[in-house]
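Below is one structure, written out as structure tokens; comments come after it.
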Amino acid sequence: MLSTGMAMMTTWFSAGPPLRELHELYAKKGRLDERAPIRSTSSILVDAPVAVVWRLVSDLGSWHTWRSDARVVDFGALEPDARFRWKLRGVAITSTFAMVAPERELSWTGVAMGCMRAVERIRMTPVDDDRTAVTMEESLSGPLLTLFYDEARLRKGHEAILRMLRAAAETGRGGGRPEHPEAPARTGEA
């Protein structure tokens, strides 16, 4: 019983690796934090070429046109180590790109509420000229996180995002459309 209680306490108060380590040794190397208390992987097949999927995923300023759960409020270059700020269901997150591999992967590390740390990866694999397999995976850790959040909830969110991405890619909605004046300007642009 004592060891069970200690294991629960370790999970409750686990903050995971320091953010810099999480970024450099995990995300930049295409890895999640396998010891994080919450991890999820979900995939979907999209009836659209990988270029269309990449455009939607990588055009942060237009995420709001296809993702009802997210709004990017500030971003600069789409390159490793560049930062962006966004809101996910109203929660402010500061993220840093880790991998930017056009038409293959976009990944980042992020911090929410000052102590919740995540590695998020979106990988795209062409199945043929007109279809793309998209996999979204994430590891999440932070003190007391498991008291109010769990793997099932994370997976449900990923599956919803993947469905929104598929709908946008298959119908040609969202992303890359300059006629959306509500999209945030890139940092340093007029």
Side-chain angles (χ1 to χ4, degrees), residues 11-43 53-54 56-102 104-124 134-162 164-165 175 183-187:
T11 299
W12 289 346
F13 291 100
S14 172
L19 185 60
R20 183 104 175 124
E21 181 179 323
L22 197 62
H23 187 75
E24 295 294 330
L25 301 180
Y26 290 81
K28 279 189 164 182
K29 296 185 184 296
R31 299 173 45 211
L32 298 179
D33 176 5
E34 292 302 324
R35 296 189 332 170
I38 299 175
R39 294 174 308 282
S40 179
T41 301
S42 297
S43 297
V53 174
W54 172 255
L56 290 165
V57 169
S58 64
D59 184 3
L60 278 67
S62 295
W63 273 7
H64 68 281
T65 66
W66 64 270
R67 277 189 75 172
S68 63
D69 66 335
R71 183 169 200 68
V72 176
V73 295
D74 182 43
F75 66 104
L78 182 67
E79 63 188 23
D81 300 321
R83 291 185 176 220
F84 65 100
R85 291 182 309 113
W86 56 302
K87 290 189 175 188
L88 179 64
R89 292 177 214 98
V91 176
I93 302 171
T94 300
S95 294
T96 305
F97 291 114
M99 294 182 88
V100 180
R104 288 186 311 142
E105 179 171 346
L106 185 63
S107 64
W108 59 84
T109 52
V111 177
M113 297 183 271
C115 61
M116 305 303 167
R117 299 181 190 138
V119 173
E120 186 159 352
R121 301 178 71 203
I122 301 174
R123 294 181 290 124
M124 293 144 275
V134 182
T135 300
M136 191 170 194
E137 57 186 353
E138 184 171 357
S139 60
L140 189 57
S141 61
L144 305 176
L145 176 65
T146 57
L147 295 177
F148 60 90
Y149 204 75
D150 61 21
E151 190 172 302
R153 193 166 165 195
L154 182 61
R155 181 170 293 110
K156 183 178 177 183
H158 286 172
E159 289 170 356
I161 294 164
L162 290 170
M164 287 184 269
L165 175 61
R186 288 183 181 258
T187 304

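Please read all numbers here as calculations on a predicted model, not as lab measurements.
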Can you tell me how far apart CG (D59) and CZ (F75) are? Round to the nearest 0.5 Å. 6.5 Å

Qualifying residues under side chain to side chain contact (heavy atoms under 4.5 Å, CB included), relative to R104, sequence neighbours excluded: A101

All heavy atoms of L154 vs all of Y149, minimum pair found to be CA-OH, 3.6 Å

Looking only at heavy atoms, the pair that brings I93 and A112 closest together is CG1-CB, 3.9 Å

What's the separation between atom CG in L145 and atom CZ in R117, rounded to the nearest 0.5 Å? 12.0 Å

Separation between CD (E151) and CD (E138), nearest 0.5 Å, reads 11.0 Å

Using atom types as modelled and distance alone, determine if a side-chain donor or acceptor of T65 lies under 3.5 Å from a backbone N or O of S62. yes

What distance do L56 atom CG and M124 atom CE have between them, rounded to the nearest 0.5 Å? 10.5 Å

In terms of heavy-atom contacts, R153 and F148 come closest through NH1-O, 3.0 Å

Please enumerate all residues that pass side-chain hydrogen bond (donor to acceptor under 3.5 Å, both in side chains) together with R39, with sequence neighbours excluded. none

Side-chain touch E105/R121, heavy atoms, less than 4.5 angstrom: yes

Who passes side-chain hydrogen bond (donor to acceptor under 3.5 Å, both in side chains) against T94, sequence neighbours left out? none

Test side-chain contact (heavy atoms from CB on, under 4.5 Å) applied to K29 and L25, step by step: CA-CA 6 Å; K29 296 185 184 296; L25 301 180; 4.1 Å; yes

I want to check something: taking the side chain as every heavy atom from C-beta on, are E120 and E137 in contact at a cut-off of under 4.5 Å? no

Which pairs pass salt bridge (Lys or Arg N to Asp or Glu O under 4.0 Å) with one or both residues in residues 75-86, sequence neighbours excluded? K28-D81, D74-R85

Find the distance between SG (C115) and CG (L144) and round it off to the nearest 0.5 Å. 8.0 Å

Should P17 and D33 count as side-chain neighbours, where that means a heavy-atom distance under 4.5 Å? yes

With a 6.0 Å cut-off (strictly less than), is the heavy-atom count around CZ of R89, excluding the residue itself, greater than 12? yes

Would you say the side chains of H158 and S42 form a donor-acceptor pair under 3.5 Å? no

Non-neighbouring partners of S43 that pass side chain to side chain contact (heavy atoms under 4.5 Å, CB included), sequence neighbours left out: T135

Under the side chain to side chain contact (heavy atoms under 4.5 Å, CB included) test, residues paired with R67 that sit two or more places apart: W63, D69, A70, W86, L88, I161

Between M99 and L106, is there a side-chain heavy-atom distance shorter than 4.5 Å? no

Looking only at heavy atoms, what is the nearest atom pair of A77 and F97, with distance? O-CE1, 3.7 Å

Closest contact, heavy atoms only, V57 versus I122: CG1-CD1, 4.0 Å

Please round to the nearest 0.5 Å and tell me the distance separating atom OG1 of T96 and atom CH2 of W108. 12.0 Å

Please check if the side chain of S141 supplies one atom and the backbone of A36 the other of a donor-acceptor pair under 3.5 Å. no

For Y26 and L32, work out which heavy atoms get closest and say how close. CD2-O, 3.3 Å

